[in-house]
Amino acid sequence: MRGKLTEYFFLLSAWFFVFSHLTLRSGMDYHFREIEDKWQRFWAEDNTYRVENTTDKPKYYVLDMFPYPSGAGLHVGHPLGYIASDIFSRYKRLRGFNVLHPMGYDSFGLPAEQYAIQTGQHPAITTETNINRYREQLDNLGFSFDWSREVRTSDPSYYKWTQWIFMQLFNSWYNLETDKAEPIDALIARFKSDGNGSVGAVCDDDVPAVSAADWASFSERRQQELLLKYRLTYLRESNVNWCAALGTVLANDEVKDGFSERGGYPVEQKKMMQWSMRITAYSERLLRGLDHIDWPDPLKEMQRNWIGKSVGAMVKFAVEPSAISHRPSADLFIEVFTTRVDTIFGVTFLVIAPEHELVKTLTTAGQKDAIESYINQAKKKSERDRMADTKTVSGAFTGSYAVNPFNGDKVPVWIADYVLAGYGTGAVMAVPSGDQRDYLFAKHFELPIVPIIDIQNIETEADPTKEGHYINSGPINGLTYKEAIPVLHAKLAELGAGYAKVNYRMRDAIFGRQRYWGEPVPVYFKDGLPYLIDEKELPLLLPEIDKYLPTETGEPPLGRAENWKYQDAYEYELSTMPGWAGSSWYWYRYMDAKNDGEFASKEAVAYWKDVDLYIGGSEHATGHLLYSRFWNKFLKDLGYVNEEEPFKKLINQGMIQGRSNFVHRLIDEEGRGTNTFVSNGLKDTYDTSAIHVDVNIVQNDVLDLEKFKEWRPDFGNAEFILENGKYVCGVEVEKMSKRYYNVVNPDDVTARYGADTLRMYEMFLGPLEQSKPWNTNGIEGVFKFLRKFWKLFHNDKLEFSVSDEEPTGAELKSLHKIIRKVEEDIERFSFNTSVSSFMICVNELTELKCNKRKILRDLVVTLAAYAPHITEELWTLLGNAPGTLSYAQYPAFNPAYLVENEFAYPISVNGKMKMNLNISLSLDETEVRSVVLSNPDFQKYLEGKEARKVIFVKGKIVNVVV
RNA sequence: GCUCGGAUGGUGGAACUGGUAGACACGCAGGACUUAAAAUCCUGUGCCCUCAACAGGCGUGCGGGUUCGAUUCCCGCUCCGAGUACCA
């Protein structure tokens with residue numbers, strides 16, 4: 001304790017030294033460090049931003065995507081969204097809302113585990129360290145988070161409820177009749193009374209028909225097996241992305257080009273028993289829900305594409321028996337999904353995926369070698385290879401034929417890797433006249449191409465249009481597309497050959513990882529079947545293990561836990577939940593973060609309802625944001641929450657890219673680097689190579705030569721060829737990363753300029769949604785602005801001095817312009833323009849030498865959301881109680897102060913601006929017309945010509961047409 | 001390939017529903033203050049022509065169009081960024 005205290009004082013005095021040094025150096029009177037420390041401490045001690053769940057104020061929920069606490073700490077790009085959301089939260093508070101603005105950590109994840117593997121350090125320990133560092137950095141920026149509601153997904157008190165939600169999913173099925181999830185008990189009751197024949201449910205494809213009598217006769221085991229086919233989370237043998245190097249399974253969106261997104265290791269397809277989430281049950285609701293939420297259109301579009309709804313039909317093609325030697329049954333069919341049944345008479349062959357289950361059956365003896373070699377070749381191709389040559393046509397004939405149910409034509413069955421096993425039925429009916437891939441395939445293998453529409457042009461490529469009238473198409477000849485569809489659907493039903501069907505691209509989400517640092521799945525196995533542990537035993541704690549690696553037998557790390565058994569008898573599930581588990585419901589936990597009896601109380605959920613504003617990156621479009629909507633809908637179906645959609649409005653903040661600096665090193669004749677460096681403007685006259693240089697020793701692209709020599713002692717005696725006495729560095733925009741020496745730590749910026757400057761500067765940089773490179777070139781301007789603002793309240797002797805005189809019209813006008821502007825800008829998330837307007841306002845008031853209390857008081861409130869520290873300080877200097885600024889009232893805008901009676905009309909001739917004329921705004925069109933035309937200065941623009949027409953827009957423009 | 005964004009001075013950007021393009025800031029140049037520097041303040045700064053002022057011409061990626069008037073709307077193109085990947 002004593003040691004800590006001494007350390008504290010030492011640090012404090014060190015700070016004061018740095019601080020007073022800075023002050024003396026710059027001679028400034030705005031002591032940001034002192035002010036910011038003081039108020040950050042005050043807010044923490046005062047619990048200024050603690051929020052209650054019960055008030056008579058309207059609620060407003062502002063959420064940031066919580067961070068994964070990485071070892072690298074925050075860089076200057078991370079806080080961009082947090083600053084915006086903080087400004088918005090503070091503004092809403094000033095508008096009388098009860099604002100929930102929490103923060104927490106998505107603290108389960110791979111990097112901590114990878115670090116544990118390397119160092120043996122428990123991930124919980126490194127995670128804790130990283131969180132503390134993040135917290136310190138966040139605190140430095142003056143955010144108004146209610147830290148009493150902090151959540152950490154890796155904390156047992158939190159993952160207890162993640163596990164609980166998993167249990168609810170396990171205990172639920174999706175009823176298509178009511179179009180919602182329901183308790184599994186209701187399904188069991190149906191089985192008991194009627195069997196499963198009448199049950200409309202989302203379930204596995206291979207569910208057998210079961211009568212009530214069957215069900216009653218089933219063993220416990222068979223009953224459980226059947227139920228598992230209906231549960232919303234279920235075990236399934238699925239093709240997973242297996243990454244041998246990571247010893248784990250990756251989700252589709254974690255694999256890029258056949259390699260793991262993290263680490264870049266090769267990924268192969270492997271069959272494995274996996275927990276899955278039946279998100280497909282919600283496809284339609286996830287799609288429809290997008291129409292009712294205020295999200296950026298590109299983001300919604302991404303989700304729509306991901307869900308990938310297509311309306312079409314299933315059509316069965318009977319396999320022609322003759323050719324097949326070893327036919328297992330008489331009624332063998334190939335089922336295809338098509339969005340163009342209308343082209344069925346143009347089918348000249350079928351194509352099935354190389355992995356299709358019928359491939360073996362359909363291959364005739366004569367084609368066996370060709371098919372096998374093609375399959376082997378397809379297997380060897382990595383996804384990257386397949387992507388690289390989309391133009392190459394490949395495939396093999398099985399030797400079998402199928403029969404077109406509509407006209408009885410025999411068509412050959414081929415295999416080709418352009419047909420994917422995982423989509424639709426893994427088989428397509430090929431219509432070369434209407435589909436370009438089919439067309440290329442037919443041309444390549446010399447298969448027939450049959451035109452089916454009269455105006456179709458298939459000379460050089462397929463024509464997919466639906467215009468015109470059908471030909472060569474039996475019953476639909478002469479009909480248009482619209483007329484043909486009902487005829488075809490009727491025919492399909494009549495023939496028993498198919499039915500209309502809606503297909504989705506989205507697949508069920510795999511919900512398990514062969515990893516340690518994640519939520520344990522609250523399941524144990526008895527006779528090879530999964531059972532939930534008792535709810536009272538939650539949380540199922542993550543056990544200690546000796547090493548964070550898979551076991552020797554290839555089991556996940558949890559297999560190493562000693563004596564880790566349910567009731568000392570049954571094996572627990574050894575995989576853990578994926579990264580997105582904890583983040584799929586966290587916004588509810590913030591509502592009632594400490595509740596030990598529920599994930600959040602009914603009252604809290606009823607009060608806060610949903611997130612009004614969510615700010616985060618668009619990279620989560622098809623992961624986190626889709627899973628969260630899924631879990632939210634599920635929780636609503638069971639009555640635990642009240643809203644169909646969790647995030648009413650969403651804003652994507654752009655990425656802050658790094659801005660790298662280079663020095664240009666002179667190269668000698670042999671191509672070796674020398675000890676001489678050339679300034680950027682002169683580099684083209686020499687042979688040079690560029691070397692990254694730490695951006696922190698560069699200011700406005702000018703290199704600090706001494707610091708450079710210090711930074712790279714190996715260049716301690718470097719020589720420089722300067723331009724205008726300076727060494728100018730080269731510049732490039734790259735990812736912000738340690739290896740480019742372009743990482744800027746917000747702590748360094750706040751040490752130099754303060755948090756208020758950093759906050760305003762990040763906003764000043766440009767529109768929130770836009771990605772932009774970080775550079776500090778303009779930060780001085782924002783810093784100067786704050787000092788000017790401070791000066792308004794102080795006299796020449798740097799004493800606080802405001803006057804109680806009545807404000808003038810000009811002063812009131814300036815104030816009310818900014819009151820309106822900030823209001824408008826914040827509501828449309830245009831924070832950058834507000835900062836400019838604040839500068840204009842302070843420039844105007846400085847010009848007017850305004851230090852009137854009545855003006856400055858309101859200005860302080862208006863600026864409070866952007867620069868909370870300096871405004872708190874001035875607010876108390878103005879005589880208000882400390883801490884009350886956050887809950888003050890945003891000043892009311894009074895348009896009366898902005899009324900003008902004159903306007904400097906731009907006068908243009910033929911649309912080109914020529915001059916300005918001050919004209920009273922009370923004049924109407926004819927009066928203005930005569931004022932302009934009779935103005936002597938204006939005559940010369942007419943050049944003696946007649947004014948043919950005068951366009952007049954009141955308060956805007958006068959345009960004279962000659 | 002498809003989908004969605006974007007392109008404005010030396011730089012970041014502004015111009016909200018078609019109405020004075022370049023606000024605000026950085027940078028740069030010049031000046032004041034200072035022994036000097038820092039800080040601060042003042043002036044100028046889209047490009048071209050002009051000694052300069054006045055005046056003029058050009059100008060929002062490129063080419064057209066609609067309009068009294070286009071950075072803004074329409075058509076075609078170029079380039080950059082993001083997402084997606086043979087989806088039947």
Side-chain angles (χ1 to χ4, degrees), chain A residues 24-29 257 296-302 304-306 308-310 312 336-340 343 351 383 386-387 389-393 416-420 422-431 434-438 440-441 503-505 618-619 621-622 652 654-655 657 700-702 724 731 733 761 764-767 769-773 775-782 784-785 787-788 791 824-825 828 830 832-840 843 904-916 940 948-953 955-962:
Chain A
L24 282 177
R25 217 187 95 244
S26 58
M28 71 196 168
D29 44 332
D257 307 338
D297 285 329
L299 199 89
K300 287 195 200 178
E301 206 48 38
M302 272 153 90
R304 284 194 191 102
N305 291 339
W306 188 264
K309 180 180 184 173
S310 49
V336 303
F337 174 73
T338 177
T339 54
R340 292 291 303 271
T343 63
V351 186
E383 272 191 42
R386 284 174 73 174
M387 266 166 44
D389 55 274
T390 58
K391 304 238 151 51
T392 316
V393 178
D417 63 8
Y418 80 83
V419 175
L420 306 175
Y423 182 76
T425 61
V428 302
M429 54 179 230
V431 184
D435 182 284
Q436 186 58 19
R437 282 159 316 174
D438 296 347
L440 290 173
F441 197 87
N503 202 39
Y504 297 92
R505 187 181 90 105
S618 60
E619 66 271 21
T622 49
N652 287 131
M655 241 188 315
Q657 295 144 311
N700 291 333
D701 295 332
V702 175
N724 306 325
V731 176
V733 173
Y761 182 61
F764 188 60
L765 226 40
E769 297 93 329
Q770 214 164 60
S771 283
K772 54 230 155 191
N775 75 79
T776 40
N777 287 355
I779 199 166
E780 291 283 347
V782 174
K784 258 188 238 172
F785 155 75
R787 278 183 296 182
K788 266 187 171 171
K791 265 196 182 160
E824 286 171 355
D825 284 353
R828 63 189 173 110
S830 175
N832 54 325
T833 48
S834 288
V835 179
S836 303
S837 304
F838 277 123
M839 290 173 172
I840 294 169
N843 287 347
Y905 277 97
I907 314 297
S908 44
V909 175
N910 289 338
K912 292 215 185 258
M913 217 283 276
K914 296 294 178 187
M915 63 186 294
N916 285 99
K940 62 180 168 194
R948 279 197 300 154
K949 197 173 165 191
V950 176
I951 310 283
F952 171 72
V953 183
K956 285 261 156 86
I957 200 164
V958 177
N959 185 18
V960 180
V961 186
V962 297

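Proteins come first, then strands; the chains are lettered A, B, ... in the order of their sequence lines, and each starts at number 1. Values in this document were obtained by computation on a predicted structure and should not be read as measured data.
Nucleotides rG12(B) and rU17(B) place their C1' atoms 27 Å apart, quoted to the nearest Å. Comparing the P positions of rU71(B) and rU8(B) gives an interatomic distance of 15 Å, to the nearest angstrom.
The side chain of K772(A) lies closest to rG13(B) when the candidates are rG13(B), rC87(B), rA21(B). Closest approach to the E301(A) side chain among rU3(B), rA88(B), rU40(B) is made by rU3(B) (side chain taken as heavy atoms from C-beta onward). The W306(A) side chain lies nearest to rA85(B) when the options are rU40(B), rA85(B), rG13(B). Among the nucleotides rC68(B), rA25(B), rA88(B), the one closest to the side chain of M839(A) is rA25(B). Which of rU20(B), rA88(B), rC68(B) sits closest to the side chain of T339(A) comes down to rA88(B). The listed nucleotides are rC68(B), rA14(B), rC16(B); the one nearest the side chain of T833(A) is rA14(B). The side chain of I957(A) has rU20(B) as its nearest neighbour among rA14(B), rA25(B), rU20(B).
Around the CZ atom of R948(A), the shell of radius 6.0 Å holds no more than 12 heavy atoms that belong to other residues, nucleotides or ligands.
The residue among A904(A) and K791(A) whose nearest nucleotide of RNA chain B lies closer to the 5′ end is A904(A). Residue-to-nucleotide proximity on RNA chain B shows that, of S837(A) and K788(A), the 5′-proximal contact is made by S837(A).
One donor-acceptor pair, N or O on each side, does fall under 3.5 Å between the base of rC68(B) and the side chain of N959(A).
Side-chain atoms of S908(A) come within 3.5 Å of backbone atoms of V958(A) as a donor-acceptor pair (strictly under, hydrogens ignored).
Base pairing analysis places rU66(B) opposite nothing; no Watson-Crick or G-U wobble pair with both distances below 3.5 Å involves it.
Interatomic distance, OG of S310(A) versus CZ of R340(A), reported as 13.0 Å (0.5 Å rounding).
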